[in-house]
Amino acid sequence: MSGVTVADMAGESSYRKISYRGWSGIILMDACPEETLRIISRDGILRTQEGHLQTVQSDSKCSVFITRLPFRGQRIRAYVKQFHLHPSLNYLIHLICTGRARRALRATLMLEQHGFNAPRPLALMEKKYGPFCADSILITKDVPDSVQLRERLDQLGADSSKWALNKKRRMIREFARLVGRMHQVGIVHGDLRLRNVLVQEQDGCPVFWFIDNERTRRFPALSPGLARKNLVQLNMKSRASNTDRMRFLKAYARERGLTAEELKAIARMVVRGMDRRRVRNTFGKPRKWLKKWWKG
């Protein structure tokens, strides 16, 4: 390993630069480079032999694994996410722009800076050809004793007790206030679905963590369309009742200081956005659907 120096990039001072097997990147000061990076092979394929890595997700855009790595004298669970170039017109965009792993890391640090939780990155590695990033890997700490927010809400919804009902309602309100605070400072999550939010319970209170942050951004001024995008994403596959949806929107509006009329406008925007997405999910993009219909 070579090139071990303190990173001089904004917000990344707790990392050091490193190069390894043709890859270059940064690693958290407290992480052990030897064991953290040995799961990366020279050709960019993550090694899975000897049970070091367990596949938890795989698609055309990324591969995700879980493993255990040394950190501050103990072994912790960590997630390894390898981003792939998509074979489409986006290929050149991904090749020229900042790598997705680096965007995810910077978004995580930005969320932390504004008081929001996201799994701490242990290492970022990139395979570059000149100025172009062809492949990237992000290794993050696991969030212990956490579950997806969607799963937790489903668990509470399946329990008919008054305790579970009150707990579910409180969790919805707390999360709505959190999203409201996030939007109030101009932050929009790139894919704010319930499966991309983890929830812990500390002393009976929910603590939320945002994952899949490569498209999360902060804007100087938040437009209604950007806020609507996140709210539609949350409602599309939440399996929530209309009462719970309204409970969420009311808590969200209070956090942002919105009036009753503004709340009604947001509710209408969310309903219209959900309707458009349902149509798109059913028929695909209009051009493709019409083309198939025309050809018979």
Side-chain angles (χ1 to χ4, degrees), residues 1-7 9 11-59 61-85 94 98-112 116-128 133-146 148 190-191 195-196 198 200 209-216:
M1 298 185 185
S2 60
V4 180
T5 58
V6 176
M9 291 169 285
E12 298 176 11
S13 58
S14 58
Y15 292 82
R16 53 182 175 176
K17 291 181 181 177
I18 199 165
S19 60
Y20 178 69
R21 290 182 173 175
W23 295 75
S24 61
I26 56 176
I27 189 167
L28 195 63
M29 292 291 189
D30 295 332
C32 173
E34 288 75 14
E35 282 206 56
T36 301
L37 301 181
R38 69 187 174 86
I39 58 178
I40 302 174
S41 68
R42 192 177 300 276
D43 59 2
I45 303 300
L46 296 168
R47 296 192 293 176
T48 58
Q49 66 265 31
E50 301 175 13
H52 292 312
L53 292 170
Q54 177 185 352
T55 303
V56 294
Q57 178 185 341
S58 183
D59 58 30
K61 295 181 181 179
C62 65
S63 300
V64 183
F65 307 88
I66 192 168
T67 186
R68 288 194 173 272
L69 297 171
F71 184 76
R72 294 180 180 175
Q74 57 182 345
R75 299 193 74 83
I76 63 168
R77 276 172 35 119
Y79 281 88
V80 182
K81 191 170 187 177
Q82 181 173 357
F83 298 92
H84 308 298
L85 286 175
H94 291 316
T98 304
R100 291 172 64 193
R102 187 172 293 272
R103 294 203 301 270
L105 181 139
R106 288 178 173 171
T108 295
L109 298 180
M110 179 268 294
L111 286 169
E112 289 181 352
F116 303 101
N117 296 319
R120 186 67 170 173
L122 295 175
L124 158 74
M125 301 300 291
E126 295 175 324
K127 175 79 73 171
K128 289 190 173 183
C133 179
D135 209 349
S136 58
I137 293 172
L138 187 66
I139 304 175
T140 59
K141 292 176 61 180
D142 181 33
V143 180
D145 302 320
S146 65
Q148 292 181 355
D191 190 12
R195 69 168 183 263
N196 287 335
L198 303 179
Q200 282 178 318
W209 297 74
F210 295 100
I211 61 175
D212 286 352
N213 294 306
E214 57 265 23
R215 289 186 291 168
T216 298

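The analysis underlying the following values was restricted to heavy atoms, covering all of them including side chains, and did not include hydrogens, waters or symmetry mates. Quick caveat: nothing in here was measured; it's all calculated off a predicted structure.
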With Asp191 via side chain to side chain donor-acceptor pair (under 3.5 Å) - residues at least two apart: Arg193, Asn196

Could you tell me the separation between the CD1 atom of Ile211 and the OG1 atom of Thr216, rounded to the nearest 0.5 Å? 10.5 Å

Roughly how far apart are Ser63 OG and Ile137 CD1, rounded to 0.5 Å? 9.5 Å

Which heavy atom in Pro119 sits nearest to a heavy atom in Thr108, and how many Å separate them? O-CG2, 3.6 Å

Just do the side-chain contact (heavy atoms from CB on, under 4.5 Å) check on Ile66 and Val80 with the steps written out, would you? CA-CA 6 Å; Ile66 192 168; Val80 182; over 6 Å; no

Nearest heavy atoms of Glu126 and Ser136, plus distance in Å: CG-CB, 4.0 Å

Side chain to side chain donor-acceptor pair (under 3.5 Å) involving Glu112 - partner list, sequence neighbours excluded: Arg120

Measure the CD-CZ distance between Glu35 and Arg68 for me, rounded to the nearest 0.5 Å. 13.0 Å

Heavy-atom side-chain contact between Val64 and Thr55 under 4.5 Å: no

Roughly how far, to the nearest 0.5 Å, is the CD1 atom of Ile26 from the CG atom of Leu122? 11.0 Å

Determine, stepwise, if the pair Leu111 / Phe210 fulfils side-chain contact (heavy atoms from CB on, under 4.5 Å). CA-CA 9 Å; Leu111 286 169; Phe210 295 100; 4.3 Å; yes

Taking all non-hydrogen atoms of both residues, which atom of Ile40 and which atom of Met125 are closest, and how far apart? CD1-CG, 3.7 Å

Output the distance between atom CD (Glu34) and atom OH (Tyr20), rounded to the nearest 0.5 Å. 9.0 Å

Would Tyr79 and Val56 count as a side-chain contact (heavy atoms from CB on, under 4.5 Å) if you check the C-alpha gap in whole Å, the side-chain angles of each, and the deciding distance to 0.1 Å? CA-CA 9 Å; Tyr79 281 88; Val56 294; 4.2 Å; yes

Is there a donor-acceptor pair closer than 3.5 Å between any side-chain N or O of Tyr15 and the backbone N or O of Pro121? yes

Run the salt-bridge test on Lys127 and Asp135 with the 4.0 Å N-O cut-off and return the result as yes or no. no

Hey, what do you get for CD1 (Ile139) to CG (Leu105), rounding to the nearest 0.5 Å? 11.5 Å

Given Glu214, which partner from the list Arg103, Lys81, Arg102 fulfils the salt bridge (charged side-chain N to carboxylate O under 4.0 Å, His left out) test? Lys81

Under 3.5 Å, is there a donor-acceptor pair between the side chain of Arg100 and the main chain of Phe83? no

Nearest heavy-atom contact between Ser14 and Leu28 is O-CD1, 3.7 Å

Worked verdict on Gln54 versus Thr67 for side-chain contact (heavy atoms from CB on, under 4.5 Å): CA-CA 6 Å; Gln54 177 185 352; Thr67 186; over 6 Å; no

Could you check whether Trp209 and Gln200, counting side-chain N and O atoms only, form a donor-acceptor pair closer than 3.5 Å? yes

Would the distance check show the side chain of Thr36 and the main-chain N or O of Pro33 forming a donor-acceptor pair, the cut-off being under 3.5 Å? no

